[in-house]
Chemist: 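The structure is given below, and queries will be raised subsequently.
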Amino acid sequence: QKEVEQDPGPLSVPEGAIVSLNCTYSNSAFQYFMWYRQYSRKGPELLMYTYSSGNKEDGRFTAQVDKSSKYISLFIRDSQPSDSATYLCAMSEDSGGGADGLTFGKGTHLIIQP
Amino acid sequence: KAGVTQTPRYLIKTRGQQVTLSCSPISGHRSVSWYQQTPGQGLQFLFEYFSETQRNKGNFPGRFSGRQFSNSRSEMNVSTLELGDSALYLCASSRGGGYTFGSGTRLTVV
């Protein structure tokens, strides 16, 4: 079963705080892991793309993958009100999406309070 | 560079009708995927096309179909619309290394 669990929130934090978003999954065949940000009435925007276990940093964003625990995280440093959005994790068995495409979590609604 | 373009942005249709949605991928991207997004189910994979061939298909009824043209543009069609088909339909294109999504077509079935 290729299920991805993600806390829907809402998660409300003050501006400048470090935000931690997480997903757990059950399918050990997942190799590619992504984080998307979605603003209201917009399509998802790719933030981070990682392969297998490890960390990846891009500006204020850090993605972590722990395949042994089937757990992925996204950290946002120095959070800004403009970071308020829904954050979706996604994963797949191969870089081309695989037979079932990308499998998404339901998304976490994040609110950054000014 | 131009992103993924989906038309139309909004549609209202009546039960039993059919609808065609269009997607223009990023130039150079040959893979186009379609997803349905609803509040209850989240994003669910419909199908993927690569070089005019359907490469993968999600768990949706045969009323949902698609195609891809030689210029990589793609269309999806839903026949005999049901109220439950009301959703945001998202198209995404890729050249490997993650998918770029369009803003979607919001379909309302009444």
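The chains referred to below are lettered A, B, ... by the order of the sequence lines, with proteins before strands, and numbering in each begins at 1.
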Chemist: For the residue pair A:Tyr32 and A:Tyr51, categorise the inter-ring angle as parallel (less than 30°), tilted (30 to 60°) or perpendicular (more than 60°).
Modeler: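 Tilted.
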
Chemist: Provide the closest heavy-atom pair for A:Glu15 versus A:Ser79 in the form atom of the first, atom of the second, distance.
Modeler: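 Looking at all heavy atoms of both residues, the closest pair is CG-O, 3.5 Å.
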
Chemist: Is the count of non-hydrogen atoms from other residues, nucleotides or ligands lying under 6.0 Å from A:Lys42 atom NZ greater than 12?
Modeler: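 Not buried by this count: 12 neighbours or fewer within 6.0 Å.
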
Chemist: For B:Gly98 and A:Tyr49, which heavy atoms make the closest approach, and how far apart are they?
Modeler: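 Closest pair (atom of B:Gly98, atom of A:Tyr49, distance): N-CE1, 3.3 Å.
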
Chemist: Hey, mind stepping through A:Glu57 and A:Arg77 against side-chain contact (heavy atoms from CB on, under 4.5 Å) and telling me if it holds?
Modeler: CA-CA 11 Å; A:Glu57 187 174 320; A:Arg77 292 181 298 281; 3.5 Å; yes

Chemist: Where is the tightest heavy-atom contact between A:Ser73 and A:Trp35, given as atom of each residue plus distance?
Modeler: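 Looking at all heavy atoms of both residues, the closest pair is O-NE1, 3.5 Å.
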
Chemist: Could you tell me which portion of B:Leu88 (side chain, backbone, both or neither) has an atom closer than 4.5 angstrom to a non-hydrogen atom of chain A?
Modeler: side chain

Chemist: So which part of B:Leu43 gets closer than 4.5 Å to some heavy atom of chain A, the side chain, the backbone, both or neither?
Modeler: both

Chemist: Let me know if A:Gln38 has heavy atoms under 4.5 Å from chain B in its side chain, its backbone, both or neither.
Modeler: side chain

Chemist: Under 4.5 Å, heavy atom to heavy atom: which of residues 9-24 of chain B reach chain A? Give them by number, or say none.
Modeler: B:Arg9, B:Tyr10

Chemist: Counting only heavy atoms closer than 4.5 Å, note whether B:Gln37 contacts chain A via side chain, backbone, both or neither.
Modeler: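 For B:Gln37, the contact with chain A is made by the side chain alone.
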
Chemist: Any donor and acceptor pair, going by atom type alone, linking the side chain of A:Thr50 with main-chain N or O of A:Phe33 inside 3.5 Å?
Modeler: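 Flag set: sc A:Thr50 to bb A:Phe33 pair under 3.5 Å.
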
Chemist: Which atoms of B:Phe50 come close to chain A, meaning under 4.5 Å heavy atom to heavy atom: side chain ones, backbone ones, both, or neither?
Modeler: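 No part of it gets close to chain A.
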
Chemist: Can you establish whether the number of heavy atoms outside B:Asn59 located under 6.0 Å from its atom CG is more than 12?
Modeler: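 Open.
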
Chemist: Is it the case that the side chains of B:Ser31 and B:Glu48 hold a donor-acceptor pair, with the cut-off being a distance below 3.5 Å and no angle test?
Modeler: yes

Chemist: With a 4.5 angstrom heavy-atom cut-off, could you sort out which part of A:Tyr36 is near chain B: side chain, backbone, both or neither?
Modeler: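 Answer is side chain: those atoms of A:Tyr36 sit under 4.5 Å from chain B.
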
